[in-house]
Amino acid sequence: MQLPESFIKQMQIRLGDQLPEFLAALDSPAPISLHYNPLKISKPEISDGVKWYSNGVYLKERPVFTLDPLFHAGQYYVQEASSMFLAEAVRQTVDLSTPLRVLDLAAAPGGKSTLLASLTHPESFVLCNEVIKSRYRILDYNLSKWGMPNTHISNHDSKDFKSLEGFFDLILLDAPCSGEGLFRKDPGAVDHWDNEHVKFCSLRQRRILDNTVNLLRPGGTLIYSTCTYNSPENENNAQWLQETFPLEKIQLDISPDWDIEQRAIGYQFYPHKVKGEGFYLASFKKTSGREGKIKTGNAAKKFDLSAREKTIVAPWIKNPENLIFLQNKSGQIRALLKSHLDIHLQVAKSLSRYEPGTFIGTLKRDNFIPSPQLALSLLVSDEISQISLTLEQSLRYLKKEDPVLENIPEGWAMVTYEGLALGWLKGLKNRVNNYYPKEWRIRMKID
Ligand code: SAM
């Protein structure tokens, strides 16, 4: 790999006689890893596990994920292993036994959001934000596949969150960075790298952090991470955070055989030491500040569907009594955990591009059209009629071919592969319609 001279010089200063090993690692194949969705697989077989996350696993070689229906069903998320250290940092810094208000400020494509949602208490309000519109849609798709009803998404710059002062218990800023740690996986990142870009990234990170700290309640946890090595984006920013705001670094308990390097503040991963890419993470506790107050006691009835509309929607949903169904003018319905109503109303007042909970479908007169997201969601009722597909049928379904099956009974049916839902089919008098969304379909040749 052709690396910029000044990058090599900086790494020489940082790593000393480990430099040749580091450079050799960049020329070797990147390990392949993923983390499982604990709600879509109960006991995954893990022969080569990621040391710092029990649902993380290395694969011997890279399969064609696109051709695995379980990938489309959200059974796992493909993520490089060092990043999964977030799980350990969260485990050590927050109380996972109680519902939290969580903000993942730079969330797309969603690798760390899926981790956060799986780790924290299932009633936690997990708000996943992405400022870039096209990436926001990808985030939405990945969270839909993950299927957890406690995640919410927004499409804002960090400055737009101002009125949510003291609101969150846990904030992750997985910052946009110069990406030195991804040179092996994404050699294109090398072309954008120079010292000016590092400086630019470091200042941008400070701007975002400056908008972020205020959103944390006193006693709350801030986790700052990058996928780069240089000090201006990592330790220097961590140091600046501690000097500028009421934040205190949190020391994590790290097993020595993990081979993670402890810096003055934070933890650094190198590809010649760990089975993963370059990654940096630091965590802080907020020591003082204003606690955001939430107006409680909003009446669910005011926002929910009418009793008649509910009787149409409820048969599609598991435990509908725990949910509120928010309907927009086009009849589209999003399901929200009842316990999230007060928090949701406060967030909705502050952010205009915000979508709460799960889009479950559209009510047109007395007709409910289930959404693809509902099939992937843990909210879907177990009573819905299901059709189990073979591998080949599943791939044809995911390519949106018509018909995948013939002679299916009239009405809606949820198609599954190895017990996990992929989406909807509808049997009509003399044909079957495939309701997999066009924008999600597999474009690859399957034979
Ligand atoms: N957390 C993600 C994950 O684990 O899948 C990866 C996040 S990536 C390192 C950083 C994200 O920050 C990108 O999605 C990028 O679009 C977003 N971003 C870019 N500029 C930003 C800004 N000014 N404020 C907040 N986020 C920004």
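Side-chain atoms are counted along with the backbone in the values below, which use heavy atoms only and exclude waters and symmetry mates. One-based numbering, in listed order, for ligands and for the atoms of each.
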Note to self: Nearest 0.5 Å, please: how far is CG in Asp169 from OG1 in Thr93?
What the structure shows: 11.5 Å

Check: Any side-chain heavy atom of Val64 within less than 4.5 Å of one from Met444?
Finding: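 Contact flag for Val64/Met444 side chains = yes.
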
Check: For the residue pair Trp193 and Phe7, does the interplanar ring angle fall in the parallel (under 30°), tilted (30 to 60°) or perpendicular (over 60°) class?
Finding: perpendicular

Show me a pair-per-line table, with atom names and distances to 0.1 Å, of protein N or O atoms that are under 3.5 Å from an N or O of ligand 1.
| unit_1 | atom_1 | unit_2 | atom_2 | d |
| --- | --- | --- | --- | --- |
| ligand 1 | 1 (N) | Ala106 | O | 3.0 |
| ligand 1 | 1 (N) | Asp174 | OD2 | 2.7 |
| ligand 1 | 4 (O) | Lys112 | N | 3.1 |
| ligand 1 | 4 (O) | Lys112 | NZ | 3.2 |
| ligand 1 | 5 (O) | Pro109 | N | 3.4 |
| ligand 1 | 5 (O) | Gly110 | N | 3.1 |
| ligand 1 | 5 (O) | Gly111 | N | 2.9 |
| ligand 1 | 14 (O) | Ala108 | O | 3.1 |
| ligand 1 | 14 (O) | Glu130 | OE1 | 2.6 |
| ligand 1 | 14 (O) | Glu130 | OE2 | 3.4 |
| ligand 1 | 14 (O) | Arg135 | NE | 2.8 |
| ligand 1 | 14 (O) | Arg135 | NH2 | 2.8 |
| ligand 1 | 16 (O) | Glu130 | OE2 | 2.7 |
| ligand 1 | 16 (O) | Arg135 | NE | 3.2 |
| ligand 1 | 23 (N) | Arg207 | NH2 | 3.4 |

Next item on the list: Hey, could you give me each pair passing side-chain hydrogen bond (donor to acceptor under 3.5 Å, both in side chains) that has a residue in residues 38-52? Not counting sequence neighbours.
Entry: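 Matches after skipping sequence neighbours: Asp48-Lys275.
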
Margin query: Under 3.5 Å, is there a donor on one side chain and an acceptor on the other for Ser231 and Arg14?
Written below: yes

Note to self: Is the terminal nitrogen or CZ of Lys145 (NZ for Lys, CZ for Arg) located under 6.0 angstrom from the six-membered ring centre of Phe71 and within 45° of that ring's axis?
What the structure shows: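 That pair qualifies as a cation-pi contact.
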
